[in-house]
Novice: 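Below: one structure in structure tokens.
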Amino acid sequence: KSRGNYVFTSDRFEGPYAPTGKWWLTLPDGQWGYIAKVLPGPDGQDVLLMTTGGSKLSRPYPVTYAEDGSLVLGMPRE
């Protein structure tokens with residue numbers, strides 16, 4: 001069984017969307033998921049939330065950005 005999570009970005013909600021940097025995404029704790037969203041966490045740092053196996057919402061993964069625009073994910077917060 002093959003799965004993939006891919007990141008496409010746009011300056012506008014309406015698009016156009018395009019891949020940026022390393023546009024395939026793997027979660028650092030080995031989880032997999034479906035739909036994800038990056039948004040500001042309570043401390044102002046961006047986090048990624050994703051629906052994971054069993055249709056659950058993930059814990060927030062801290063997000064930093066590589067020079068090429070790729071998302072770099074840290075281990076999820078408690």
Side-chain angles (χ1 to χ4, degrees):
K1 199 173 196 182
S2 179
R3 296 182 195 128
N5 293 302
Y6 307 103
V7 178
F8 290 78
T9 60
S10 174
D11 292 332
R12 297 183 5 223
F13 183 79
E14 299 83 11
Y17 288 86
T20 302
K22 179 185 164 224
W23 48 272
W24 59 96
L25 188 63
T26 56
L27 301 178
D29 58 358
Q31 294 288 323
W32 59 273
Y34 183 54
I35 298 172
K37 172 92 175 148
V38 175
L39 48 117
D43 61 359
Q45 180 183 357
D46 283 354
V47 295
L48 179 133
L49 296 174
M50 178 178 273
T51 54
T52 59
S55 298
K56 299 175 189 172
L57 188 61
S58 72
R59 292 180 293 160
Y61 292 89
V63 174
T64 56
Y65 300 91
E67 286 187 31
D68 66 1
S70 299
L71 297 180
V72 180
L73 301 177
M75 288 298 285
R77 299 176 181 169
E78 292 297 325

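Everything numeric in this text was worked out from a predicted model, so none of it was measured.
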Novice: Quick check for you: to the nearest 0.5 Å, what is the distance between L39 atom CG and L48 atom CG?
Specialist: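 CG of L48 is found 8.5 Å from CG of L39.
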Novice: Could you state the interatomic distance from OH (Y17) to CZ (R12), rounded to the nearest 0.5 Å?
Specialist: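 Interatomic distance, Y17 OH to R12 CZ, rounded to 0.5 Å: 9.5 Å.
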Novice: Is there a path from Y65 to V7 through hydrophobic residues (I, L, V, M, F, W, Y) whose side chains come within less than 4.5 Å of each other?
Specialist: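 Result: yes, single cluster for both.
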Novice: Are L49 and L57 close enough, and set up right, to give a side-chain contact (heavy atoms from CB on, under 4.5 Å), and what steps lead you there?
Specialist: CA-CA 7 Å; L49 296 174; L57 188 61; 4.1 Å; yes
Novice: Would V63 and L73 count as a side-chain contact (heavy atoms from CB on, under 4.5 Å) here? Give the steps.
Specialist: CA-CA 5 Å; V63 174; L73 301 177; 3.6 Å; yes
Novice: Do F13 and V38 share a hydrophobic cluster, counting only Ile, Leu, Val, Met, Phe, Trp and Tyr and linking them when any side-chain heavy atoms are less than 4.5 Å apart?
Specialist: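 The answer is no; the residues belong to distinct hydrophobic clusters.
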Novice: Please report the interatomic distance CG(D46) to OG1(T64), rounded to the nearest 0.5 Å.
Specialist: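 These two atoms lie 9.5 Å from each other.
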Novice: Is there a side-chain contact (heavy atoms from CB on, under 4.5 Å) between Y61 and D29? Walk through the geometry before answering.
Specialist: CA-CA 10 Å; Y61 292 89; D29 58 358; 2.9 Å; yes
Novice: Tell me the closest heavy-atom pair linking G15 and S10, and the distance in Å.
Specialist: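 Closest pair (atom of G15, atom of S10, distance): CA-OG, 3.3 Å.
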Novice: Just checking D11: does its CG atom have more than 12 heavy atoms from other residues, nucleotides or ligands closer to it than 6.0 angstrom?
Specialist: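 No - once you tally the heavy atoms of other residues, nucleotides and ligands closer than 6.0 Å, there are 12 at most.
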Novice: Would you compute the distance between atom CG of L25 and atom CH2 of W32 and round it to the nearest 0.5 angstrom?
Specialist: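 That separation rounds to 14.5 Å.
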Novice: So if I apply the side-chain contact (heavy atoms from CB on, under 4.5 Å) rule between Q45 and each of P62, P60, P40, which one comes out positive?
Specialist: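 Single side-chain contact (heavy atoms from CB on, under 4.5 Å) partner of Q45 among P62, P60, P40: P62.
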Novice: Determine whether the aromatic ring centres of residues Y6 and W23 are separated by less than 6.0 angstrom.
Specialist: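 Ring centres of Y6 and W23 closer than 6.0 Å.
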Novice: A quick test of your reading: do over 12 heavy atoms of other residues, nucleotides or ligands sit less than 6.0 Å from NZ of K56?
Specialist: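 No, because the 6.0 Å sphere around NZ of K56 holds 12 heavy atoms or fewer from other groups.
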Novice: If you measure only the distance, is there a donor-acceptor pair under 3.5 Å linking the side chains of N5 and Y34?
Specialist: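 There is no such pair between these side chains.
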Novice: For the CE atom of M50 and the NZ atom of K37, what is their distance to the nearest 0.5 Å?
Specialist: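 One gets 13.0 Å once the value is rounded to the nearest 0.5 Å.
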Novice: Show your reasoning for whether side chain to side chain donor-acceptor pair (under 3.5 Å) applies to T52 and S58.
Specialist: CA-CA 6 Å; T52 59; S58 72; over 6 Å; no
